[in-house]
Trainee: 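Here it is, the structure in full.
Counting convention: from 1, in listed order, for ligands and their atoms alike. Sequence positions, counted from 1, serve as the residue numbers for this chain. Computed from heavy atoms alone, side chains included, the values below leave out hydrogens, waters and symmetry copies.
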Amino acid sequence: MATRRYTLKSNLPAKVNWRIDYAAQLNDEQRAVVEAGGGQLLVIAGAGSGKTRTLTYRVARLIESGVRPEEILLLTFTNRAAREMVGRVRELVGEALGADLRRLWGGTFHHVAHLTLREHASELGYGDRYGILDREDAGDLMKACVAELGFHDLPRRFPKSDLLVRLVSMAVNTQSSLPDLLAEKHPHFASLSDEVIAAAARYAERKAALNVMDFDDLLLNWKLLLAERPAILAAQGGRFRHVLVDEYQDTNRLQGDIVELISSVHGNLMVVGDDAQSIYAFRGAHFANIIGFPERHPECQVFHLTENYRSTPQILGLANASIEMNVKQFPKELHATRGDGALPALVPSRDVFEQAAFVAQRLLELRDEGMELKDLAVLYRAHHHSLELQVELSRRGIPFVVRSGLRFFEQAHIKDVLCHLRFLANPRDELAFKRVIRLSRGVGGATAERLWQWMLGRESERASPLDAFLRKEALAEVPARAQASVASLQTLLRELRRPSLQAAPGEMIRAILDQGGYGEYLRETFLNGDGRIEDIEQLADFAGAYENVDAFLDEVGLLTELEAEDVVDGADPDEHLTLSTIHKAKGLEWRGVFVIWLADGRFPVSAAYRDPDGLEEERRLFYVATTRAKDELYLCYPITHTQRDHERVVMKASPFIEELPEGEGAPYEKWSLEADDALPPLPSGSTPPLLES
Ligand code: ATP
Ligand code: MG
């Protein structure tokens, strides 16, 4: 494709009186990027070196030099990041120039795809106003397709519709085939690959007939327009004289193609990223986009930023020492510009409860020392690693937001499990019963309601709705195809009622997962089924510390109440601590950062050892985590953990810690906790987890 060159200089007014003092606010390396002419620019630089800041100033500079906001396209990792950057540009250039920054297109790829398709979808055969299917709608539509094809009645279990939707999405984003994906991710379904392909095809037809797109269609269709409709490429490419992309290392193939196409008209493309922070391979991020950029654009200018403005030399020293161990990377220089601070602390704790207690206590101390809660974050590899901490924070009334998704106890799969226990504890809990019964194959809302009414009708002084449900006759109230699954729920609930289990809430939860078949259900329903199973195992470990199921449910109930209040005495209600997975913390920074569960097998996850590139990806994740911290960094892990079989095992520290120099040259200081410092107040009625042998 012909590339027309455009240089910034030729377009500049003879003399601009710059409003912004670039020299004062940027270092020379950053300024060189901001002031570079047009063409392709690659900025590849380590964490905290000002990539995002440089991108923001470049946008401001373009506007100052006369580029109109509507001629700029800014692609970012979240829509919020784009809004913040544009807000900053507004502050920098002011309104005086008459530039209307609302006309600048900024946001995620999906957001911009939607803006584009609103104008042009009809050219791809869509009706005027196409609808968007969110994940839930997509699951429902897929379910209808599977039913229509008769696959829900196959003698073998067919993958659940949500899983099918995710598989199709993965295939689109990684541009791989469904049979390959099935073989790799779900070998037990591999023999059904013809049926899966048929379901995917039907799903595509139905979407077209309904005039709707799912999230992946947005990207696919945007690319299709640019690649196959020269007029649209000319119009859109012609409009965006400058295309700028942040976090470029995590773009996938489709996104990479879109960026290339749209910038091909003017040839002005600026991408910034850090190969050492590429952490989305599992979702199809295509490393080659950033690594191969200079080959694709032999005339591009490559810039390096080597000064880190975020972290103390001590924090940066640890992060650099770690990432150096990766073989696959561009070696990079990164010097600290800030003054000395404390060494990062390595904090082993006796178990997860002590880890949570330590974090909570240290947070409050830092707050007393003048940091605000909003300057602090706790990061972890997997969402369920935050369970004990969420409980501890709630007990102490420390307000927090969870960036990585729902609060632990609000997640659907956790609620599913808890509702089994709730129904047993209170057989009149209609909501709990209905939630549980609807997990049975073949039971929908109408059946659940009919059954519940029947159960109420059988209720007497001596028999609860639960007793009624456990009778054989209950099966006559459900359709034939649901009987087998409802019968197995009866068996499970009978088992759970045994007094020995009532005293062991952890065991009850495991019984639901294993005997009750909930684990199997999760595996068949969700692409990340295994992750959800781990969450529930974690819940079982946690529940195991309580004397009986009532004590456990009381505590969980109390948590939900506390969460509603969520305020520390005298604190600003907007003031809260951030809890986040590392993936969701990309690009952000806090004064104090805690990384928890830094134990081998948890971070890195054990699966990483099976994948040749797995450990390096996990180490990049560790690099992202540590480089979020400005002033203080705490690396925490439990030394022991109680397993399913009640065996207390010794945990090893993460290899990312073990491989760092030890002794004199260690980039961290090891702390040992005195038990008195760390004991949390105990919930009434529970066995003190910390005092367990
Ligand atoms: P990441 O790789 O984590 O996305 P980044 O390279 O995008 O980081 P920024 O977030 O842009 O880095 O900058 C990190 C911090 O350093 C920010 O608080 C930013 O304002 C500050 N900073 C960057 N450059 C300068 C500078 N020249 N002068 C003062 N502060 C700076
Ligand atoms: Mg950034």
Trainee: Given Y634, which partner from the list L366, V359, L363, L346 fulfils the side chain to side chain contact (heavy atoms under 4.5 Å, CB included) test?
Mentor: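 Passing option: L366.
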Trainee: Do any nitrogen or oxygen atoms of A47 lie less than 3.5 angstrom from nitrogen or oxygen atoms of ligand 1?
Mentor: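 Between A47 and ligand 1, no N or O pair is found under 3.5 Å apart.
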Trainee: Mind checking whether Q25 contacts ligand 1 via backbone (N, CA, C, O), side chain (CB onward), both or neither, at a 4.0 Å heavy-atom cut-off?
Mentor: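 Within the 4.0 Å criterion, Q25 contacts ligand 1 through backbone atoms alone.
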Trainee: Is there a side-chain hydrogen bond (donor to acceptor under 3.5 Å, both in side chains) between H335 and E333? Walk through the geometry before answering.
Mentor: CA-CA 7 Å; H335 312 287; E333 265 183 273; 2.8 Å; yes
Trainee: Flag G48 as yes when one of its N or O atoms lies below 3.5 Å from any N or O atom of ligand 1, and as no otherwise.
Mentor: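 For ligand 1, there is an N or O atom that lies under 3.5 Å from one belonging to G48.
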Trainee: Between the side chains of E70 and R241, is the shortest nitrogen-to-carboxylate-oxygen separation below 4.0 Å, so that they form an ion pair?
Mentor: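 Looking at E70 together with R241, the answer is no, because their closest N to O distance does not fall below 4.0 Å.
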Trainee: Please list the nearest protein heavy atom to atom 9 (P) of ligand 1 with its residue and the distance rounded to 0.1 Å.
Mentor: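 The protein heavy atom lying closest is G50 CA, 3.7 Å.
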Trainee: Stepwise, does the salt bridge (Lys or Arg N to Asp or Glu O under 4.0 Å) test hold for R68 with D100?
Mentor: CA-CA 8 Å; R68 285 177 291 142; D100 181 358; over 6 Å; no
Trainee: Under 4.0 Å from any heavy atom of N27, which atoms of ligand 1 are there?
Mentor: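 Once the distances to N27 are compared, the set is 27 (N).
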Trainee: Of L373, L389, V378, L393, which meets side chain to side chain contact (heavy atoms under 4.5 Å, CB included) against F400?
Mentor: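 Result for side chain to side chain contact (heavy atoms under 4.5 Å, CB included) with F400: L393.
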Trainee: Just let me know how Q277 lines up against ligand 1, side chain, backbone, both or neither, with a heavy-atom cut-off below 4.0 Å.
Mentor: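 Side chain only.
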Trainee: So which heavy atom in the protein is nearest atom 4 (O) of ligand 1, and how far is it from that ligand atom?
Mentor: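 Atom 4 (O) of ligand 1 sits closest to the protein heavy atom G587 CA, 3.7 Å.
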Trainee: So, R381 and E618, do they make that salt bridge, N to O below 4.0 Å?
Mentor: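 E618 and R381: salt-bridged.
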Trainee: Any heavy atom of D274 sitting closer than 4.0 Å to ligand 1?
Mentor: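 Heavy atoms of D274 never come under 4.0 Å of ligand 1.
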Trainee: Nearest to atom 27 (N) of ligand 1, what protein heavy atom do you find, and at what distance?
Mentor: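 Minimum-distance protein heavy atom for atom 27 (N) of ligand 1 reads Q30 OE1, 2.9 Å.
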Trainee: Checking a contact table here: which protein heavy atom is nearest atom 10 (O) of ligand 1, and how many Å away?
Mentor: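 The answer is R310 NH2, 3.1 Å.
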Trainee: Applying a strict 4.0 Å limit to heavy atoms, is R628 in contact with ligand 1?
Mentor: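 For ligand 1, residue contact (heavy atoms, under 4.0 Å) with R628 is present.
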Trainee: Among all protein heavy atoms, pick out the one at the shortest distance from atom 22 (N) of ligand 1; state its residue, atom name and that distance to 0.1 Å.
Mentor: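 It is Y309 CB, 3.4 Å.
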Trainee: Backbone, side chain, both or neither: what part of T52 comes under 4.0 angstrom of ligand 1, heavy atoms only?
Mentor: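 Both of them.
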Trainee: Do the numbers put R239 on top of the ring of W105, so that NZ or CZ is under 6.0 Å from the six-membered ring centre and no more than 45° off the axis?
Mentor: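 Verdict for W105: a cation-pi partner in R239.
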Trainee: Among E589, R53, K51, which one has a heavy atom closest to atom 14 (C) of ligand 1?
Mentor: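 Looking at heavy atoms only, E589 sits closest to atom 14 (C) of ligand 1.
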Trainee: Within 45 degrees of the ring normal and closer than 6.0 Å to the centroid, is that where the cationic atom of R61 sits relative to Y22?
Mentor: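 Because its charged atom sits under 6.0 Å from the ring centre and within 45° of the axis, R61 does stack over Y22.
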Trainee: I would like to know whether R88 and E84 meet salt bridge (Lys or Arg N to Asp or Glu O under 4.0 Å); could you show each step before the answer?
Mentor: CA-CA 6 Å; R88 181 83 186 109; E84 283 171 9; over 6 Å; no
